[in-house]
2 protein chains.
Amino acid sequence: MSTVRLSPTSYVVLGMIALRGPSTPYDLKRAVGHSVGYFWNFPHAQLYSEPERLAAAGLLALSVEDSGRRRRTYSLTDSGRDALRAWLASPTDEHFQMRDIAELKLFFNEVGEPGNVPTLATEQIKQHQERIAVYEAMVERFGGDPASRPRMITLELGLEMEYAALRFWTALVEGDLDRLRRARERSTATPGAPTSE
Amino acid sequence: MSTVRLSPTSYVVLGMIALRGPSTPYDLKRAVGHSVGYFWNFPHAQLYSEPERLAAAGLLALSVEDSGRRRRTYSLTDSGRDALRAWLASPTDEHFQMRDIAELKLFFNEVGEPGNVPTLATEQIKQHQERIAVYEAMVERFGGDPASRPRMITLELGLEMEYAALRFWTALVEGDLDRLRRARERSTATPGAPTSE
DNA sequence: CATCACACGGTCTGTCTCGGACCGTACTGA
DNA sequence: TCAGTACGGTCCGAGACAGACCGTGTGATG
């Protein structure tokens, strides 16, 4: 019941249980696999340790069922729901973080062979196309279901990002970054002044 | 001289030293701050411990200078350069990872108040605009310098991503995700088949 | 009926990562 | 001479992470 620091991972767990109802870690593991997992990956071991922490903090309630195989089912307590709601309503200060090995390699490419870049770009184009196809398939499968509609919205963000990357690597391999730049400026209704901090 | 596992962080260190020449951790800290740091953040403490590991593995050479303040200067060894080059030439298997708290909140928003979403979106729009302004300023400052040109290219990727996010949140707040979708499809020369597997 | 393979459900471990608090040391200028 | 502040660095505890590993049921097979 002591207070703990809640990390994003904590909120993923709370959130998943809020959306799905009482769940075992294994349930979470599978559910995460084809939803949040796409844009916030973490090892499945966390889905066993994290609920334990949250239960210790009183945000989840544990009920152990022992018929046949041992199963720990966690459900949201009132204070768990409160914590989640408070987080959802709180301002988001951090900017998103990208971790892109390809971008790193590009940054340091001067040190290596010039030939590396086209290869890299070609790989990336393929990967992003594949990922786009996966996302599109998900939209196709679940897009019709009104119940899952709200969660599908984040897919649009994901797609937008994938396309952005795809356009970049394509332009790079075609040596046409300027056109990219121009298209970008055209596509956005004038971003306005940077609202000096 | 024993072998170590090289993480992306290791390559950031090797890469920075390759680009800048011999450096102290503090140099790296500052250099990272206004370059790689934008798309691959890590705590500065790593910039003290990581070079040590790399030196132990023979990829960096340490020279301690003791005039006045103690300074550890690391420089690239041949095998360090080789390791970096090999990495640059190696295929990149992992997809990029995003960590976006705002996206998480959006995903779980059904659980909270409906009013949260517009607020969130507005915040995000502002943040992305600010970040775009920072990037543009960097382009303006360094874009003219041919020496730093290669490294500027990654800024284009960053900008492309920022604009993608900006467009998404803008569309969301305007309730016009469909237009976003259509614009996306128009903007890309047909992505082609997902190249099975 | 025995047993084997395999999906299920879960645990554990060691190593790295992450922030952030904290601490001397020089230089600067009042 | 002293305070303030940039410099340069260390340390620590909590979490994140990958991945090896392990019991348990179940259905197929001989």
Side-chain angles (χ1 to χ4, degrees), chain A residues 2-14 16 20 22-34 36-37 39-57 59 62-74 93-99 101 104, chain B residues 2-13 16 20 22-34 36-37 40-57 62-74 93-95 97-99 101 104:
Chain A
S2 63
T3 59
V4 277
R5 287 183 353 115
L6 297 180
S7 66
T9 301
S10 314
Y11 292 111
V12 169
V13 170
L14 290 175
M16 282 319 260
R20 307 182 68 256
S23 313
T24 68
Y26 195 70
D27 295 336
L28 293 176
K29 178 173 151 186
R30 275 178 316 163
V32 160
H34 55 262
V36 196
F39 61 88
W40 197 291
N41 216 1
F42 47 89
H44 71 274
Q46 303 272 115
L47 294 174
Y48 291 86
S49 58
E50 191 61 27
E52 209 170 324
R53 280 185 67 229
L54 296 175
L59 304 179
L62 168 61
S63 81
V64 181
E65 184 202 345
D66 222 84
S67 71
R69 183 171 300 166
R70 176 143 142 279
R71 295 166 64 83
R72 303 164 178 280
T73 303
Y74 291 94
D93 36 345
E94 313 103 289
H95 200 75
F96 67 63
Q97 285 182 30
M98 275 272 296
R99 250 117 205 270
I101 306 265
L104 266 191
Chain B
S2 64
T3 59
V4 278
R5 288 183 353 114
L6 296 180
S7 66
T9 301
S10 315
Y11 292 110
V12 169
V13 170
M16 282 318 261
R20 308 182 68 257
S23 312
T24 70
Y26 194 69
D27 294 337
L28 293 176
K29 178 173 152 187
R30 275 178 315 164
V32 160
H34 55 263
V36 195
W40 196 292
N41 214 2
F42 47 88
H44 70 272
Q46 302 270 114
L47 294 175
Y48 290 86
S49 59
E50 191 62 25
E52 210 171 324
R53 280 185 67 228
L54 296 175
L62 168 62
S63 80
V64 181
E65 183 203 345
D66 220 85
S67 71
R69 185 170 299 166
R70 176 146 141 278
R71 296 165 63 85
R72 302 163 178 281
T73 303
Y74 292 93
D93 36 346
E94 314 103 287
H95 200 75
Q97 285 183 30
M98 275 272 296
R99 249 112 209 272
I101 307 265
L104 267 191

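So that the names make sense, note that chain A is the first sequence line, chain B the second, and so on, each numbered from 1. Remember, predicted model here, so these are calculated numbers, not experimental data.
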Note down the inter-axis angle between the two ends of the helix from dC1(C)-dG30(D) to dA30(C)-dT1(D), five pairs each, to the nearest 10°.
10°
What is the minimum heavy-atom distance between Arg72(B) and Pro25(B), and which atoms define it?
O-CD, 3.3 Å
Nearest heavy-atom contact between Leu54(B) and Ser10(B) is CD1-O, 3.9 Å
Rounded to the nearest Å, what distance is computed from the [atom1] atom of residue [X] to the [atom2] atom of nucleotide [N]?
X	N	atom1	atom2	result
Asp27(A)	dC8(C)	CG	P	12 Å
Leu47(A)	dC12(C)	CG	P	16 Å
His44(A)	dG19(D)	NE2	P	11 Å
Tyr48(A)	dG23(D)	OH	C1'	13 Å

Arg30(A) side-chain N/O to dG10(C) phosphate OP1/OP2 under 4.0 Å:
no
Between dC7(D) and Tyr26(B), is there an OP1 or OP2 to side-chain N/O distance shorter than 4.0 Å?
yes
Nearest 0.5 Å, please: how far is [atom2] in [Y] from [atom1] in [X]?
X	Y	atom1	atom2	answer
Leu62(B)	Thr24(B)	CG	OG1	11.5 Å
Leu6(B)	Arg53(B)	CG	CZ	7.0 Å
Arg20(A)	Leu28(A)	CZ	CG	6.5 Å

Donor-acceptor pairs under 3.5 Å, side chain of residues 39-48 of chain A to any protein atom, not counting sequence neighbours: which ones?
none

Protein and nucleotides 13-17 of chain D: nitrogen or oxygen contacts under 3.5 angstrom:
from, atom 1, to, atom 2, distance (Å)
dG15(D), OP1, Arg53(A), NH2, 2.9
dA16(D), OP1, Ser7(A), OG, 3.2
dA16(D), OP2, Gln46(A), NE2, 3.1

With side chains defined as the heavy atoms from C-beta onward, is the minimum distance between Asp93(B) and Ile101(A) less than 4.5 Å?
no
So do Val13(B) and Val32(B) actually touch side chain to side chain, heavy atoms under 4.5 Å?
no
